[in-house]
Asks: 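Pasting in a structure now, in structure tokens, and then I'll have a few things to ask.
A note on names: the letters A, B, ... follow the listed sequences, proteins ahead of strands, and every chain is numbered from 1.
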There are 2 protein chains.
Amino acid sequence: MTTDRWLSAEQLHAWVRFIAVVELLPGVLDTQLQKEAELTHFEYFTLAMLSEAPDRTLRMTALSTATNSTLPRLSHVVARLEKRGFIARTPCAEDRRATNAQLTEAGWEKIHSAAPGHVSTVRDRVIDTLDATDIADLDRIMSKVLASLDPGNTFTLLDRSA
Amino acid sequence: MTTDRWLSAEQLHAWVRFIAVVELLPGVLDTQLQKEAELTHFEYFTLAMLSEAPDRTLRMTALSTATNSTLPRLSHVVARLEKRGFIARTPCAEDRRATNAQLTEAGWEKIHSAAPGHVSTVRDRVIDTLDATDIADLDRIMSKVLASLDPGNTFTLLDRSA
DNA sequence: CCAATTTACTTGTCGCTACAACCAAAGTAG
DNA sequence: CTACTTTGGTTGTAGCGACAAGTAAATTGG
């Protein structure tokens with residue numbers, strides 16, 4: 001900020017493409033999931049995180065970091081998913097401020113029925129356009145950026161999900 | 001979809017980090033611009049695209065592809081920016097269905113005053129965490145993904161902007 | 001042990017985006 | 001030319017996320 005630190009031609013070229021993808025990707029994921037499962041990608045991801053947690057249960061705070069979201073946002077989303085019968089909220093015994101979100105049987109079935117279509121679009125639109133080298137590079141680069149965007153929470157990531 | 005084409009461990013690892021970044025990055029950009037310039041990143045980008053166009057003018061359709069957005073979305077955004085005096089809309093002479101969006105002098109000043117702060121955060125949070133190899137890899141990978149997400153419109157991208 | 005603070009979460013409101021519907025002008029077919 | 005379709009754009013509505021405020025329980029400090 002002190003000096004005019006503009007971007008180099010290479011940096012700018014990469015950046016413009018990057019934000020284009022960031023702008024377009026959510027829409028692509030949402031559209032497919034909305035049509036085939038009546039689910040937002042964020043809702044899908046929330047259910048997915050729960051489905052892999054022990055006892056399919058997570059405290060709201062843990063779930064919010066797992067989904068890279070804020071607590072208010074998660075609270076609204078979980079409220080909706082609870083109304084639809086996919087999640088049950090119960091007060092936590094050890095800490096009575098806390099709330100446990102648990103995937104119901106219906107929620108379990110929901111995500112398992114939605115998963116194949118979702119994974120298919122992820123493959124078609126992103127993953128399968130990249131070779132093994134690309135994947136390794138993407139992983140390395142996104143890990144760096146993530147560490148900068150979300151310092152400290154990176155370690156929270158579960159490695160199984162989609 | 002026919003077979004169980006789940007993701008490999010490497011693919012999944014990269015994918016989870018990728019969507020985490022996709023989820024977090026817009027918020028980071030929006031927050032900074034909102035505080036320092038009362039602008040959405042999308043509004044900033046819209047103004048930026050106009051500022052680099054000949055005569056600082058673009059037809060709505062051209063602007064919508066340049067900003068990777070839909071026409072309804074752009075129409076709303078331009079309407080707001082027009083109310084704030086940053087853009088002027090005028091009917092197009094050659095094609096009377098079309099509308100030209102032109103950056104006003106106030107809009108020109110706005111984006112120039114907002115640019116340093118924005119570029120600074122882009123550097124701090126993303127670009128400067130990556131070395132030259134990373135940048136080249138990012139560019140290559142995002143170009144591939146973009147071609148898959150937005151077939152045909154990739155060539156539309158202007159290379160000067162941020 | 002009581003006040004102050006922090007943590008965990010919920011709720012209300014506002015603004016933005018997606019989607020659908022709409023209108024008008026331009027191209028196209030008969 | 002006249003109907004039909006396509007293109008270019010706007011507008012209305014509904015739903016989601018951000019932010020601010022609020023509640024309640026746990027923790028900390030004197």
Asks: What integer distance in Å separates A/Leu71:CG from C/dT11:C1'?
Replies: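 So the two atoms are 12 Å apart, to the nearest Å.
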Asks: Less than 4.0 angstrom from a charged side-chain N to a carboxylate O is my criterion; do B/Lys110 and B/Glu43 meet it?
Replies: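 A salt bridge is absent here (no side-chain N lies under 4.0 Å from a carboxylate O).
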Asks: Rounded to whole angstrom units, what separation is found between the CZ atom of B/Arg89 and the P atom of D/dT10?
Replies: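 That distance rounds to 5 Å.
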Asks: Where along residues 78-86 of chain B does a heavy atom come under 4.0 Å from DNA chain C, residue by residue in number order?
Replies: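 Here the set is B/Arg80.
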Asks: Provide the closest heavy-atom pair for B/Leu138 versus A/Ile141 in the form atom of the first, atom of the second, distance.
Replies: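 Taking every non-hydrogen atom into account, N-CD1, 3.7 Å.
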Asks: Would you mind reading off the distance between A/Lys35 atom NZ and C/dA18 atom P, rounded to a whole angstrom?
Replies: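 After rounding, the gap between these two atoms is 14 Å.
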Asks: Any idea which heavy atoms bring A/Ala88 and A/Thr104 closest together, and the distance?
Replies: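 Smallest heavy-atom distance, with atoms named: N-CG2, 3.8 Å.
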Asks: Specify the separation, in whole Å, of atom NE2 of B/His41 and atom C1' of C/dC16.
Replies: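 Interatomic distance, NE2 of B/His41 to C1' of C/dC16: 16 Å.
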Asks: Measure the distance from CG on B/Asn100 to C1' on D/dT10 and round it to the nearest whole Å.
Replies: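 Atom-to-atom, B/Asn100 to D/dT10, this comes out as 16 Å.
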Asks: Nearest whole Å is fine: how far is D/dT10 C1' from B/Arg59 CZ?
Replies: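 Spelled out: CZ on B/Arg59 to C1' on D/dT10 is 16 Å.
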Asks: Report yes if the side chains of A/Arg5 and B/Val119 come closer than 4.5 Å at any heavy-atom pair, otherwise no.
Replies: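 When only atoms from C-beta onward are counted, B/Val119 and A/Arg5 do not touch, as no gap falls below 4.5 Å.
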Asks: Would you please say whether a donor-acceptor pair under 3.5 Å links the side chains of A/Arg80 and A/His76?
Replies: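 No, A/His76 and A/Arg80 have no side-chain donor paired with an acceptor closer than 3.5 Å.
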Asks: Would you call the rings of A/His112 and A/Trp108 parallel, tilted or perpendicular, taking 30° and 60° as the class edges?
Replies: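 Judged by the thresholds at 30° and 60°, the geometry between A/His112 and A/Trp108 is tilted.
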Asks: How far apart are the closest heavy atoms of A/Ile135 and B/Glu10, and which atoms are they?
Replies: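 Result for this residue pair: CG2-O, 3.7 Å.
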Asks: Please indicate whether A/Glu38 has more than 12 foreign heavy atoms, meaning atoms of other residues, nucleotides or ligands, lying under 6.0 Å from its CD.
Replies: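 Incorrect, the count does not exceed 12.
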Asks: Rounded to the Å, how far apart are B/Asp30 CG and C/dG15 P?
Replies: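 Roughly 16 Å, once rounded to whole Å.
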Asks: Show each protein N/O and nucleotides 18-27 of chain D N/O combination with a separation under 3.5 Å, one pair to a line.
Replies:
unit_1, atom_1, unit_2, atom_2, d
D/dA26, OP1, A/Arg96, N, 3.1

Asks: Check step by step if side chain to side chain contact (heavy atoms under 4.5 Å, CB included) holds for A/Asp131 and B/Lys144.
Replies: CA-CA 11 Å; A/Asp131 58 34; B/Lys144 284 187 181 182; 3.9 Å; yes
Asks: May I ask you to say what A/Ser75 touches in the nucleic acid, namely base, sugar-phosphate or nothing, with a heavy-atom cut-off under 4.0 Å?
Replies: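 Here A/Ser75 touches the bases of the nucleic acid.
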Asks: What's the CZ-C1' distance between B/Phe42 and C/dC16, to the nearest Å?
Replies: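 B/Phe42 atom CZ is separated from C/dC16 atom C1' by 11 Å.
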